[in-house]
Number of protein chains: 2
Amino acid sequence: MSAKSQQDRRREQRTQVRRAILDSTEDVLLDGGYEAFSIRRLVDRCGYTAPTVYHHFGDKAGLLDALLAERYAKFARTLKRLQHPDDAVEHLRAVAKAFVRFGIRHPDHYQLLFMPRAPDHAPPAVADEMRVQLDQAWSQLWEAGRLRSGGPESAAQSLWSLCHGLISGQIFRPDVTWSKTVTDDSIDALLLGLVSPEAERTPNRSRPAKARA
Amino acid sequence: MSAKSQQDRRREQRTQVRRAILDSTEDVLLDGGYEAFSIRRLVDRCGYTAPTVYHHFGDKAGLLDALLAERYAKFARTLKRLQHPDDAVEHLRAVAKAFVRFGIRHPDHYQLLFMPRAPDHAPPAVADEMRVQLDQAWSQLWEAGRLRSGGPESAAQSLWSLCHGLISGQIFRPDVTWSKTVTDDSIDALLLGLVSPEAERTPNRSRPAKARA
DNA sequence: GAAATCTAGCTAACGCTGTTAAAGTTACAA
DNA sequence: TTGTAACTTTAACAGCGTTAGCTAGATTTC
């Protein structure tokens, strides 16, 4: 029992150190932004030295990935709460808008999660979960014959691209006065253009076929 | 006469040096990509030393801006050739698609022109010309009452965001297998969702009100 | 209990980056 | 000839991500 508890205590200490480093990472990130973040600044803040950080996280990317995995988990939970299991279009609309809002409110996290530093460096695997989730909704619409043109991949990538463009535009061009409705307007418009209303295909029109899509 | 010609010769020498540095910049950029570009690599290639580059271009951003101003001028000329003065929607469609195609074919130039390195660093002023040109088309549609919702700013920023998202997605995620039709599909869909067909507004319904937009 | 092993953290350094101060060189003007 | 201005260089600064090599301490093994 003692041996086991010793191991546990050591593991606990390890996670405590990781916790402290991650918290300082978040601090530095928050008050300097992504561009200003550096290992030097981090170790000045958290008291440890650079090699300790490397010992625990491998390299800078590993450190940021670890931080982002936590943040993404939180975000994924809020996205799960938005599900409209009965209406694929409303599901896509809600997730897309929430996603854009998240990106604009947390530009540093967004950059780390979805804007790879180099073309070959893929973002953390956890960031693809959402895409898979959305792909399901698109397949559903495709099987229901409600995509006006193109396949479900094309539609999924369209919405994905629009969201990314909305976020990075508003992040990187604060000098532009962005329309307050651009996010809602563009997502609504794209869905309107991609998806045909339910009534067009199913002959039974028990429901009034929706004012929106 | 002699004095003047001397001055001219000096100016000519100056532009020659600038030309040589810019050409080497292009070379380094082409075979290493944007990430791998550095002043050191540049001066190794072009024979001059770093302070010479700084003397002529101010700093790294100035050097890249100078290169990009040239490249953008070429690009703007090809865009001008696409104008459909009689049909604002077709004009927007053609310019948007050409723009995305340009971005994907010249990722390094695109990054420099439209992806500022820091949130406060605005892209070169020359890059805004196109936006102004497109804004005119949107105002035209707005005045014709053909925007389904939102104002012309919102619509313009929607299309702009979509284009940017399409390009940066396909640049930075070569691991994803992008749909070959995603650019056309998404631009068509967004325009379809943003702009109502001409017949909807004018009471005379001589045309069947919906082939494309 | 003593020896071997493993872990965590440190100091100091490497090679790279953008940038610049200061000095030397060259060409033209007075 | 002397002065002035532009041009180019050498040498360096401050910062970056990263790592080799060492020490102190805890854990395991004999």
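Fair warning: this is a prediction, and the values are worked out from it, not measured in the lab. Every chain is numbered from 1, with letters handed out A, B, ... down the list of sequences.
Taking atom OH on B:Tyr34 and atom C1' on C:dT17, their separation rounds to 13 Å, with Å as the unit. Distance, A:Phe37 CZ to D:dG17 C1': 11 Å, rounded to whole Å. Atom pair B:Leu64:CG and C:dG18:C1' shows a separation of 12 Å (rounding to whole Å applied).
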Solution key, residues 37-44 of chain B side-chain donor-acceptor pairs under 3.5 Å, sequence neighbours excluded:
unit_1  : atom_1 : unit_2  : atom_2 : d
B:Ser38 : OG     : B:Arg40 : N      : 3.4
B:Ser38 : OG     : B:Arg41 : N      : 3.1
B:Arg41 : NE     : B:Ala36 : O      : 2.8

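Under the 4.0 Å criterion applied to side-chain N and carboxylate O atoms, A:Lys97 and A:Asp188 are assigned as salt-bridge partners. A salt bridge does not link B:Glu153 to A:Lys180: none of the charged nitrogens lies less than 4.0 Å from a carboxylate oxygen.
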message: Quick one, A:Asp31 with A:Arg45, criterion salt bridge (Lys or Arg N to Asp or Glu O under 4.0 Å). Give me CA distance, side-chain angles, the key distance, then yes/no.
response: CA-CA 12 Å; A:Asp31 73 41; A:Arg45 166 101 51 155; 2.9 Å; yes
Q: Begin with the C-alpha distance, continue with both residues' side-chain angles, and end with the deciding distance and a verdict on side-chain contact (heavy atoms from CB on, under 4.5 Å) for A:Arg148 and A:Val195.
A: CA-CA 6 Å; A:Arg148 287 191 206 276; A:Val195 184; over 6 Å; no
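One finds no side-chain N or O of B:Arg40 lying less than 4.0 angstrom from the OP1 or OP2 phosphate oxygen of C:dC16. At the phosphate of D:dA6, neither OP1 nor OP2 sits under 4.0 Å from any side-chain N or O atom of B:Arg14.
Residues from residues 26-33 of chain B placing a heavy atom under 4.0 Å of any atom in DNA chain C do not occur. Within residues 47-60 of chain B, the residues having any heavy atom under 4.0 Å from DNA chain D are, by residue number, B:Tyr48, B:Thr49, B:Pro51, B:Thr52, B:His55, B:His56.
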Writing each nucleotide of DNA chain C 5' to 3' as (, ), [, ], | or . by Watson-Crick or G-U pairing under 3.5 Å yields ||||||||||||||||||||||||||||||
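Residues A:Phe114 and A:Phe99 bring their aromatic ring centres within 6.0 Å.
The closest side-chain donor-acceptor pair between A:Tyr110 and A:His164 falls under 3.5 angstrom.
By the side-chain contact (heavy atoms from CB on, under 4.5 Å) test, A:Glu26 pairs with A:Leu30, A:Leu67, A:Arg71, A:His109, sequence neighbours left out. With sequence neighbours excluded, no residue forms a side-chain hydrogen bond (donor to acceptor under 3.5 Å, both in side chains) with A:Thr183.
For B:Arg105, the CZ atom is loosely surrounded, since the number of other residues' heavy atoms within 6.0 Å does not exceed 12.
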